[in-house]
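To start, the structure itself, in structure tokens.
Index from 1, following the sequence.
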Amino acid sequence: MKQLSLFGLLVIGACSIQACTSPENRGTKGDSTTMDSSKSDSSKMGSKMSGTTPSDPTNQSKVDGDVATFMEKAALGGMMEVDLGKIAQKSTNPDVKSFAEEMVKDHSKANAELKTIAEKEKIILPSAFPAEDKAHMDMMKTMTGSAFDHHYIDMMVTDHDKTITLFKGAAASTSKEVSEFAKKMLPIITGHYEKAKAIQAKLK
């Protein structure tokens, strides 16, 4: 009986070991390599074009994480300037309306240039706004008159101030094309900032 019990325990133990290493249990707790590679691949999806794989270095993004982050932020900011500029066309204030038209023209051109650079660098730029930003823009669509003008121009002053800082950092980028793009855009963005501040002063 003791020999039979010992044999039974050995059989159960062997089955347990086999179950832990079976295919359906791999990649969970016991296979850290699979988990790490999955995390790595998923983290790259937001900044690399589809089809890029670690085994194909010629098809990978040529930029580091900081440059990719800049491009994503610049793309979102540029998209917002264009969309808000279109919304601001409803303003009856000639200064606000003229400024909004300039935003649409300048940032549409900049967005196209940034997209071209992103395609070369194999970076996927965002094509939609975060939910919070989208809700804010929808709210602005309901605003009218001086309330809208003040809100829009105040936002332009704040946003362009932050954008200048963002682009100054990118001007020293390791990517030549990104650096040249940032240096080219800085005077334009600074001009927008100064115009927005001038309008802001007139609205008060």
Side-chain angles (χ1 to χ4, degrees), residues 42-49 52 60-89 95-96 98-141 148-201 203:
S42 63
S43 66
K44 293 174 184 175
M45 290 182 66
S47 60
K48 301 274 183 78
M49 298 188 80
T52 301
Q60 289 185 355
S61 169
K62 302 172 187 176
V63 300
D64 58 33
D66 290 340
V67 175
T69 298
F70 160 74
M71 294 178 75
E72 290 165 4
K73 287 183 177 180
L76 275 175
M79 285 166 51
M80 182 168 288
E81 299 296 1
V82 171
D83 284 11
L84 287 178
K86 291 177 179 178
I87 294 172
Q89 297 300 308
D95 291 334
V96 174
S98 175
F99 177 82
E101 289 172 352
E102 187 174 344
M103 292 301 98
V104 173
K105 177 174 68 76
D106 290 348
H107 284 282
S108 291
K109 183 178 179 180
N111 292 349
E113 291 182 22
L114 187 62
K115 183 178 180 181
T116 298
I117 296 173
E119 289 173 350
K120 290 180 181 178
E121 302 286 9
K122 294 181 169 58
I123 298 291
I124 293 181
L125 298 179
S127 58
F129 296 109
E132 185 177 355
D133 291 338
K134 180 67 168 57
H136 185 194
M137 293 171 68
D138 288 342
M139 180 275 292
M140 290 179 69
K141 291 178 182 178
F148 171 82
D149 292 341
H150 279 85
H151 188 91
Y152 172 64
I153 292 300
D154 287 348
M155 186 176 178
M156 290 298 97
V157 170
T158 300
D159 286 359
H160 280 84
D161 187 27
K162 293 178 180 177
T163 302
I164 289 171
T165 300
L166 178 68
F167 274 68
K168 280 183 177 178
S173 170
T174 55
S175 166
K176 182 181 177 182
E177 287 191 299
V178 170
S179 176
E180 290 177 350
F181 171 73
K183 290 176 181 177
K184 176 183 176 181
M185 286 301 300
L186 267 171
I188 298 172
I189 297 168
T190 302
H192 293 165
Y193 174 64
E194 296 298 337
K195 287 180 182 179
K197 283 202 304 181
I199 297 173
Q200 185 184 53
L203 290 175

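- For the side chain to side chain contact (heavy atoms under 4.5 Å, CB included) test, residues two or more places apart in sequence or in another chain that qualify with Lys162 are Thr158.
- With sequence neighbours left out, the side-chain hydrogen bond (donor to acceptor under 3.5 Å, both in side chains) criterion links Lys184 to Glu113.
- With hydrogens and angles disregarded, no donor-acceptor distance shorter than 3.5 Å links the side chain of Asp95 to the backbone of Ile199.
- Here CD of Glu101 is found 11.5 Å from CG of Asp106. Values are rounded to the nearest 0.5 Å.
- Under a 3.5 Å cut-off, the side chain of Ser108 and the backbone N or O of Val104 do form a donor-acceptor pair.
- Put simply, CZ on Phe129 and CE on Met79 are 4.0 Å apart, with the number rounded to the nearest 0.5 Å.
- In terms of the salt bridge (charged side-chain N to carboxylate O under 4.0 Å, His left out) criterion, Glu180 has no residue partners (sequence neighbours excluded).
- In this structure the side chain of His136 reaches within 4.5 angstrom of the side chain of Met155, judged on heavy atoms.
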- request: Begin with the C-alpha distance, continue with both residues' side-chain angles, and end with the deciding distance and a verdict on side-chain contact (heavy atoms from CB on, under 4.5 Å) for Met103 and Lys86.
  value: CA-CA 9 Å; Met103 292 301 98; Lys86 291 177 179 178; over 6 Å; no
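- A donor-acceptor pair under 3.5 Å is formed between the side chain of His160 and the backbone N or O of Met156.
- With sequence neighbours excluded, no residue forms a side-chain hydrogen bond (donor to acceptor under 3.5 Å, both in side chains) with Asp133.
- A donor-acceptor contact shorter than 3.5 Å is absent between the side chain of Ser173 and the backbone of Val178.
- Summarising the geometry, atom OG1 belonging to Thr190 is positioned 10.0 Å from atom CG belonging to Asp161; distances are rounded to the nearest 0.5 Å.
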CA sep, side-chain torsions, deciding dist, call: Met137, Asp83, side-chain contact (heavy atoms from CB on, under 4.5 Å): CA-CA 9 Å; Met137 293 171 68; Asp83 284 11; 3.3 Å; yes
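- At distances below 3.5 Å, at least one donor-acceptor pair connects side-chain atoms of Gln89 with backbone N or O atoms of Gly85.
- His150 places a side-chain N or O within donor-acceptor distance of the main-chain N or O of Leu203, the cut-off being under 3.5 Å.
- The closest side-chain heavy-atom distance from Ser179 to Thr174 is not below 4.5 Å.
- Applying the side chain to side chain contact (heavy atoms under 4.5 Å, CB included) criterion to Thr163, with sequence neighbours excluded, gives Phe167, Ile189.
- Taken to the nearest 0.5 Å, the NZ atom of Lys134 stands 12.5 Å off from the CE atom of Met139.
- From Gln200, atom CD reaches atom OH of Tyr152 across 13.0 Å, with rounding to the nearest 0.5 Å.
- Nearest heavy-atom pair, Ala110 versus Met185, reported as atom, atom and distance to 0.1 Å: CB-CE, 3.6 Å.
- Qualifying side chain to side chain contact (heavy atoms under 4.5 Å, CB included) partners for Ile87, counting only residues two or more places apart in sequence or in other chains: Leu84, Lys90, Lys141, Phe148.
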task: Evaluate the criterion side-chain contact (heavy atoms from CB on, under 4.5 Å) for residue pair Asp159 and Val157; output intermediate values, then yes/no.
output: CA-CA 6 Å; Asp159 286 359; Val157 170; over 6 Å; no
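- A distance of 14.0 Å separates CD in Glu81 from NZ in Lys105, rounded to the nearest 0.5 Å.
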